[in-house]
Trainee: 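Quick one: this structure, given as structure tokens, is what I'll be asking you about.
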2 protein chains.
Amino acid sequence: MAKLPPRERILDAAEELFSREGIKAVGVQAIAGRAETTKMALYRHFATKDALVEEWLRIVAADYTAVFDRLEEAHPDEPRAQILGIARFIADGLPGISHRGCPFINSIAELPDRTHPARRLIEAHKANQMRRLTDLCARAGMSDPDEAATEITFVLEGAQVSTQNGSVEDAGERLMRIVEAVLDRHSAPKAAR
Amino acid sequence: MAKLPPRERILDAAEELFSREGIKAVGVQAIAGRAETTKMALYRHFATKDALVEEWLRIVAADYTAVFDRLEEAHPDEPRAQILGIARFIADGLPGISHRGCPFINSIAELPDRTHPARRLIEAHKANQMRRLTDLCARAGMSDPDEAATEITFVLEGAQVSTQNGSVEDAGERLMRIVEAVLDRHSAPKAAR
DNA sequence: CCCACACGATACCGCTCGGTATCTTGAGAT
DNA sequence: ATCTCAAGATACCGAGCGGTATCGTGTGGG
């Protein structure tokens, strides 16, 4: 297979190293090395390390958004199926040899400055996901879409951190059951609560 | 007020800086400076920076455990009250000028090495919390204590993450309502799901 | 054909990091 | 009164950081 152009190799290397080791723990030299190129080539494509971090997170966010889009396309008028699809996507990503944790949750821990462009990007992405989820809950006819979307968001995020710190086994299957239960409860004609 | 002994000042400074800026982002020099002492004094009390990180996390974990203990003492035979007390404790900690996020969630992102002593400490603490929560659910007579404890854990962790990334407003009140709903559902004699 | 330009390699910059060595000072215990 | 030992101050170490300068080289488009 032909080698990818340097910029792509650098982004692939960044994805691998940033998500495995963290942002601060990885030097530009190491990224260039793993991309089989040099620091100079890296700085020809990215102004600073921060800019590379930003671009990496932009791509990760776009990939997540693409999942939402694909599910919307696959189940145009089935909001419940879309929500379960998202949950399934997260659940399936949980194991994988040694879970590295959500790139957004991990990165935000290393970006305490709320004005940092990469952090702004993360917050915008999370806000956007929240909006879409709320919309889906509304279209599913739930009585309190805002509350339902919040609960689902909490559960999805919580499943990822609990998997990362090893406090929950079989988090994927548990996550699916929990999301279904949450959907049922919020979809109930009334009663419950 | 008399100055605390150097070791305490260093631990206070570490708490402040590590939780605000992150582990890797803070140098030992900065910690010594904020503790109004010197690097040498720091290394007289802690073998390495890692040892200081570990001690800091040990204290944070002990503080959380103390909350569990205090609640157990206050409501000896009311497991539900204890669980709600924990949720209230987390909920109340959510705001606070610019939420810094959970120290464990943040630190684990900077400690990808599962054999690192500080990471082991975090995982042991989270596993312990999970065990206590499961026990409380069992004593509350829930039909599936394991599932209930998992769901509550997910929700508690998720609330912290979502507050940190700003995707949810009024996370505290929402968290309380959700935990109550989860308890009700799992406590229901049968029915529901 | 040739020339521009991305690429790669190497050496370098100033700075900060974690960690150490040395020496002075001051207060508490005997 | 003296001895001890924690505490403070300062200077230093090697290493790695993010970022830059320079210079050959190969290849693809005019």
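Below, chain A is the first sequence line, B the second, and so on; all start at residue 1. Computed from a prediction, not measured in an experiment: that's the story for all the values here.
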Trainee: Can you check the B:E8 CD to D:dA7 P distance for me, whole Å?
Mentor: 11 Å

Trainee: Choose from C:dT10, C:dC7, D:dG8 the nucleotide whose nearest atom is closest to any side-chain atom of A:R44.
Mentor: C:dC7

Trainee: Does B:T37 put a side-chain nitrogen or oxygen below 4.0 Å from OP1 or OP2 of D:dG8?
Mentor: yes

Trainee: Does B:R139, at its CZ atom, have more than 12 non-hydrogen atoms belonging to other residues, nucleotides or ligands within less than 6.0 Å?
Mentor: yes

Trainee: Contact between A:K126 and B:V161 at the side-chain level, heavy atoms closer than 4.5 Å - yes or no?
Mentor: no

Trainee: Starting the side chain at C-beta, find the nucleotide from D:dG19, C:dC7, C:dT20 nearest to B:M40.
Mentor: C:dT20

Trainee: Determine, for B:E169 against B:R174, whether the closest basic-nitrogen to carboxylate-oxygen distance falls under 4.0 angstrom.
Mentor: no

Trainee: Kindly say if B:H45 contacts the phosphate of D:dA6, meaning a side-chain N or O under 4.0 Å from OP1 or OP2.
Mentor: no

Trainee: Is there a side-chain contact between A:L42 and A:T37 in this structure, where contact means two heavy atoms from C-beta onward sitting under 4.5 Å apart?
Mentor: no

Trainee: Near DNA chain C, which residues from residues 9-35 of chain A have a heavy atom under 4.0 Å away?
Mentor: A:R9

Trainee: List for me each residue that meets side chain to side chain donor-acceptor pair (under 3.5 Å) alongside B:R9, sequence neighbours excluded, and say none if there are none.
Mentor: none

Trainee: Is a salt bridge present between A:R177 and A:E173, judged by a nitrogen-to-oxygen distance below 4.0 Å?
Mentor: no

Trainee: Which nucleotide, C:dT20, C:dT10, D:dG18, lies nearest any side-chain atom of B:Y43?
Mentor: C:dT20

Trainee: Should B:R70 and B:E73 count as an ion pair when the cut-off is N to O under 4.0 Å?
Mentor: no

Trainee: Starting the side chain at C-beta, find the nucleotide from C:dG19, D:dA9, D:dG19 nearest to A:K39.
Mentor: D:dG19

Trainee: Over its full length, what angle do the end axes of the helix from C:dC1-D:dG30 to C:dT30-D:dA1 make, each axis taken from five pairs and the result rounded to 10 degrees?
Mentor: 10°

Trainee: Please report, rounded to the nearest Å, how far the C1' atom of D:dG19 is from the NZ atom of A:K49.
Mentor: 12 Å

Trainee: Can you tell if the side chain of A:V60 reaches within under 4.5 Å of the side chain of A:S107, non-hydrogen atoms only?
Mentor: no

Trainee: Salt-bridge test for A:E55 and A:R58: reply yes if a basic N is under 4.0 Å from a carboxylate O, no otherwise.
Mentor: yes

Trainee: Take atom CD of B:E36 and atom P of D:dA9, then tell me their distance rounded to the nearest Å.
Mentor: 10 Å

